[in-house]
Every structure is written in structure tokens, then in C-alpha cells.
Protein chains: 2
Amino acid sequence: MLTRSEEDHLKAVHALLEGGASAANKDVAERMGTKASSVTMMLKKLADKGLLKLEPYHGVKLTAKGRAEALKLVRKHRLWETFLVERLGFGWDEVHEVAEQLEHVRSEKLTDHLAEYLGDPAFDPHGDPIPDRHGRITARNMRPLPAVGTGERVRVAAVKDGSDALLQLLGRKGIGIGKVFTVRDRQDFDQSLELVAADGIHLTLSAKAAAHLWVEPASPRERRAP
Amino acid sequence: MLTRSEEDHLKAVHALLEGGASAANKDVAERMGTKASSVTMMLKKLADKGLLKLEPYHGVKLTAKGRAEALKLVRKHRLWETFLVERLGFGWDEVHEVAEQLEHVRSEKLTDHLAEYLGDPAFDPHGDPIPDRHGRITARNMRPLPAVGTGERVRVAAVKDGSDALLQLLGRKGIGIGKVFTVRDRQDFDQSLELVAADGIHLTLSAKAAAHLWVEPASPRERRAP
DNA sequence: CTTTTATTTTAGCCTCATCTAATTTTTATT
DNA sequence: AATAAAAATTAGATGAGGCTAAAATAAAAG
Ligand SMILES: [Mn+2]
Ligand SMILES: [Mn+2]
Ligand SMILES: [Mn+2]
Ligand SMILES: [Mn+2]
């Protein structure tokens, strides 16, 4: 049985590896808000428990068991976020911290009943995929917004690594999951983007904010929410 | 800020004192599943934090602060139990352990939104009162079933200290909160009770089981659920 | 009013999860 | 390739929260 701290470390490693990066000790420490030496200790424990392979000084790789365990945590975290937003009326910028606690509640029955209660959602309020009971994830065809060419029509599919501040900013601009718009222009000076929403409203987004917006192709005039 | 263990100890003390008993060290230890020496240490910590007054060798008394804190925990525990039964379809004998974990999630907003979502219930699935945001509890006129005279018509208001096994037994006999019946007879030999339900069905209840059933007067033919 | 038993407290030990400081190893820069 | 900088590991400390065993105290029995 994993402790809460072990669970959070495993999740941090998973999130880093999933994001393409190599889960360097210092990155895990930064995510966890602890020191590198503490991370070394925890990673050893996780390796002992067969959840990851540890090559001292050269980083970690998740085992199949570790990946499965991490996906269970991700599932719980995102189900709770969905519950908080869709049932309790939380804003999408208010749920992370609470879900960070709720995800550690141990009860298979609770997780499965919660999923069913919510209609087995495939995406959380930030557009992140919710693994099913077996760890399977719905595949999508997404790119970060800065990779989109001018003139293209896209739909917001997810906000990746969105801080609460970013989520609030997007909220104030009326940008949410499922929002459809066309990339009108890109400023040479600062790479900021000019967007035109489906309702004709124009808005500007900094390159920094745009980097967190992942979008999927929207065939002209189509509409669908994940 | 209280740790999880401190919270559980405080709750144990509160439950014992509320039940009329004096929260003896060994009783707390038994509730917590730990040893008396561990309890001594935790009670010292709680006393240091101003939650209770500790008279060495002579037991504890809750301070106003301690009582308020305990009631917040009770509120959370019972709200979660209600959620699990009413929304997720758990049985009333399956919720305690999970609520024992959920009660420690720290978020005022979560607690209040959950209460509102559930319709600010005054009683949990076992008939125990749910304190409101200010710790106030709905008063009731209850007696344990063994104190009821033959011929009296009563409504089940709560199951006190019900183990999962007892709750299952009651469930199988069709006894739940709000159930109305008449005490038909009491056996001299073992104090077991003969009951007649509103629908005319007869059933027998051991003195041991009956001791956990708390009932309120039911005027003939009335019906109401807490 | 003693003596025995039950309860509580104290003392000393352990594991977990963190820290700081020192050391080792890897990576980057001259 | 040598040196400097960055990152990771090890070593040793701390505090929380538990344990067992011993000592102190209170309660019950005689
Ligand atoms: Mn967490
Ligand atoms: Mn999310
Ligand atoms: Mn608890
Ligand atoms: Mn209850």
C-alpha cells in the first residue's frame, strides 16, 4: 500500500514523463515543493516497491505497475475535479488543491461509483483525459495553439499545466474547453495571437498564455465539447 | 492546523463525552485502535493546542474551541455519509470507513457546497444529526427502543454506534430510519422484542440489537422521515 | 486500611518524511 | 582536457506518531 507521499511522488514522475521530459530529480522536487534529497529517498522507496526503475544519477522509468498505479491516481484526481465543477459549482480554477486531497481517499467502490454518477466522463474540466477503470485514455488530435497557422479554425481541447491565475485569465476572456475560434493574426514582435471567436468577438492572447492552450481542428461552423 | 491523527483523537473524545461517558484514556485508545501511551501523547498535544483541558490521571474536558472543531469534523463525516448513500448508492453499512477518510479533506468551500448540494440535510443515513455550519444540531425526543413500553407506536430515529454487521442485520429485517412500528411484546426470558410494522408484518429483535435503535414517538398512523 | 488490580504516565525505541550540509557524479564552459 | 557549475546522492538531524516495558497512580477487593 502506498503512502500519500509516495502516491504524490509517483504522480509527479508520471506527469513529467508523460509530458515528454525526463523526470529529473530536481523537477520532481520542484513539483513536490520539497528538496532533492527527499526526492532521492522517495524514489528509492518507489523502486523498492517495484513501481519504477531507478538508475542512480540517470533518472527513472516507470514500470507497468507504476504506470497503472499512477493512472489510477490521475483518474481519481480528474473525476473529483469534474465532480467539484459540475456538481458543486466550483470554478475550474478552484478545484486542483481540493482534488489533490480527495485523490488519496482509498476505495475502489467510491471511485467507480463516482465515475458512474458523473456519467463516466472522458475529460476533466481542464480538458485533460480521464483514464477509465483499466487506465485507457481517449486519444485526440491536439496541438498547442502557437503551432496553429493563421486562418485555421480550431476548438479548445485542453488547458495544459494551467495555474489558477492562467485559468482565471482565460475565464475572463471567455475562453473555455470547447470554445471555437479562428486564428486571425500573429504579431511578429511578441508572437501574441489575434483570435476571432465564433460569435465574431475579437481577442488577443499572449504567446505565454497560448502555449498552454491545446486545440483540435474544428471543421468550419462545427461545435462539440469534450 | 490539526493533523489527521489529532482530528481523529478529538473526534473520539467528543463522541465519548457526548455519549455521557467520561473519555477515559483506554476508551479513546480502543476507539483509535492504538495503545494508551499513544493516547496520552496525543491528548497532551490537543491540550497544548487549547482544544481540551487535561487533568493528568483524571481525564479530559473539551474546551469551546475543541467542541467546535469536533463538531466540524462530525459535520463533514455525516455529510459525506449522506452523499455516499443518497447520491452514489452505497448501503448504510458501507459508508463509515470511506467517510472516515473524506472527513479530513480540508476545504470550507467544499463542506458548504456539499451541504448545499445535498439540501442541507439535518440527519445522516444512520439518523445521526448533522451539525450546521455553526455547530448547531436539531434537537429530538428519542429513547432507546428497550425503554419503550408494549403497545407504544414509535418511529426509528437513529441507529446508535451501529457496526456494519448490525446495520446489515437491520437491513435484512427491513428496519431503517423512519420505519414505524408498534412494540407488541417483550419476552421475559431474554428481553427480546416482538414488533409489528405499519404494514402488519411481525418481527423479533434481540435486546442487544434493540439497544442500538433509538426511536421517537409516532402518533398513530403518522409518517415522517428525518 | 492494606493489598491487589487496573489505569495512566513516563522512558526509550522505531519508522516515515522531511531538512541541511557535505560529498560525489555529471554536464557545461573555458 | 581541465575546470567550473549543476545535479544527485549520502550522512546526520528533526518531529510526528506509533510501539513496548517500566514506573506511578488510582480504584477495587479484602
Ligand atoms: Mn495529492
Ligand atoms: Mn485537471
Ligand atoms: Mn477519520
Ligand atoms: Mn453516521
Side-chain angles (χ1 to χ4, degrees), chain A residues 1-17 19-62 66 69-70 73 100-101 103-104 106, chain B residues 1-13 15-17 19-62 66 69-70 73 100-101 103-106:
Chain A
M1 193 130 302
L2 297 186
T3 68
R4 175 170 178 163
S5 178
E6 286 169 343
E7 286 185 343
D8 279 334
H9 279 82
L10 182 64
K11 210 163 53 107
V13 167
H14 179 262
L16 287 164
L17 293 179
S22 64
N25 195 309
K26 89 178 154 59
D27 299 325
V28 177
E30 183 167 354
R31 285 217 172 212
M32 295 297 305
T34 61
K35 302 297 176 166
S37 57
S38 308
V39 171
T40 300
M41 290 301 159
M42 292 307 297
L43 294 186
K44 269 184 198 161
K45 286 184 42 176
L46 290 173
D48 284 350
K49 297 194 177 188
L51 297 161
L52 47 80
K53 283 278 183 262
L54 180 51
E55 201 77 48
Y57 288 105
H58 292 91
V60 294
K61 272 192 319 193
L62 288 177
E69 210 54 51
L73 287 163
E100 201 55 51
Q101 300 177 58
E103 72 190 354
H104 301 288
R106 237 175 272 278
Chain B
M1 191 128 305
L2 299 185
T3 67
R4 175 171 177 165
S5 179
E6 286 169 342
E7 287 185 342
D8 280 334
H9 279 83
L10 183 63
K11 211 163 50 104
V13 168
L16 286 165
L17 294 179
S22 64
N25 196 310
K26 87 179 154 58
D27 299 325
V28 177
E30 183 168 354
R31 283 217 173 214
M32 296 297 306
T34 62
K35 302 297 174 164
S37 58
S38 308
V39 170
T40 300
M41 290 301 159
M42 293 307 297
L43 294 185
K44 270 185 200 160
K45 286 185 44 178
L46 290 173
D48 285 348
K49 297 195 178 186
L51 297 162
L52 47 82
K53 284 279 184 261
L54 181 52
E55 202 76 49
Y57 286 106
H58 293 91
V60 295
K61 271 193 319 195
L62 287 177
E69 210 54 50
L73 287 163
E100 201 55 51
Q101 300 177 57
E103 71 190 355
H104 301 289
V105 174
R106 238 176 271 278

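In the text below, chain A, chain B and the rest are named by the order of the sequence lines, each starting its count at 1. What you see below is based on every heavy atom in this structure, not just the backbone, and it leaves out hydrogens, waters and symmetry mates.
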Next item on the list: Answer yes or no: is there a donor N or O on one side and an acceptor on the other, between the side chain of A:Glu7 and the main chain of A:Leu73, under 3.5 Å?
Entry: no
Check: Using a cut-off of 4.0 Å on non-hydrogen atoms, how would the nucleic acid contact of B:Ser5 be classed: base, sugar-phosphate, or nothing?
Finding: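 Sugar-phosphate, backbone atoms only, no base.
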Check: NA contact type, A:Thr34, heavy-atom cut-off 4.0 Å: base, sugar-phosphate, or nothing?
Finding: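 Answer is sugar-phosphate: A:Thr34 comes under 4.0 Å of backbone atoms only.
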Distance in angstrom units between [X] [atom1] and [N] [atom2], rounded:
X: B:Leu2; N: D:dG15; atom1: CG; atom2: P; value: 20 Å
X: A:Met42; N: C:dT15; atom1: CE; atom2: P; value: 16 Å
X: A:Lys44; N: D:dA11; atom1: NZ; atom2: P; value: 8 Å
X: A:Glu55; N: C:dT24; atom1: CD; atom2: P; value: 21 Å
X: A:Met41; N: C:dT18; atom1: CE; atom2: P; value: 12 Å
X: B:Leu43; N: D:dA16; atom1: CG; atom2: C1'; value: 16 Å
X: B:His58; N: C:dT7; atom1: NE2; atom2: C1'; value: 11 Å
X: B:Asp8; N: D:dA16; atom1: CG; atom2: P; value: 17 Å

Notebook entry, point to check: Would a 4.5 Å heavy-atom cut-off, applied to side chains only, mark A:Ser38 and A:Met41 as touching?
Noted result: no
Check: Looking at side-chain heavy atoms only, is the closest gap between A:Val28 and A:Arg31 below 4.5 Å?
Finding: no
Checklist line | Mate of C:dT24 where both pairing distances stay under 3.5 Å, Watson-Crick or G-U | finding: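 In the structure as shown, C:dT24 has D:dA7 as its Watson-Crick or wobble partner.
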Notebook entry, point to check: Is any N or O donor-acceptor pair between the side chain of B:Ser37 and the base of C:dT8 shorter than 3.5 Å?
Noted result: no
Under-4.0 Å side-chain N/O to phosphate OP1/OP2 contact, [X] with [N]:
X: B:Ser38; N: D:dG18; result: no
X: B:Lys35; N: D:dA21; result: no
X: A:Thr3; N: C:dC16; result: no

Margin query: So, applying side chain to side chain contact (heavy atoms under 4.5 Å, CB included) with B:Val60, which one of B:Leu51, B:Val13, B:Asn25 is it?
Written below: B:Val13
Margin query: Of the listed nucleotides (C:dT18, D:dA21, C:dT8), which one gets closest to any side-chain atom of B:Asn25?
Written below: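 For the B:Asn25 side chain, the nearest candidate turns out to be C:dT8.
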Next item on the list: Tell me which nucleotide among D:dA24, D:dG18, C:dT18 gets nearest to the side chain of B:Tyr57.
Entry: D:dA24
Next item on the list: Check whether more than 12 heavy atoms from other residues, nucleotides or ligands sit under 6.0 Å from atom NZ of B:Lys49, and answer yes or no.
Entry: yes
Check: In terms of the nearest nucleotide of DNA chain C, which residue is placed more toward the 5' end: B:Asp27 or A:Met32?
Finding: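 Its nucleotide being nearer the 5' end, the pick is B:Asp27.
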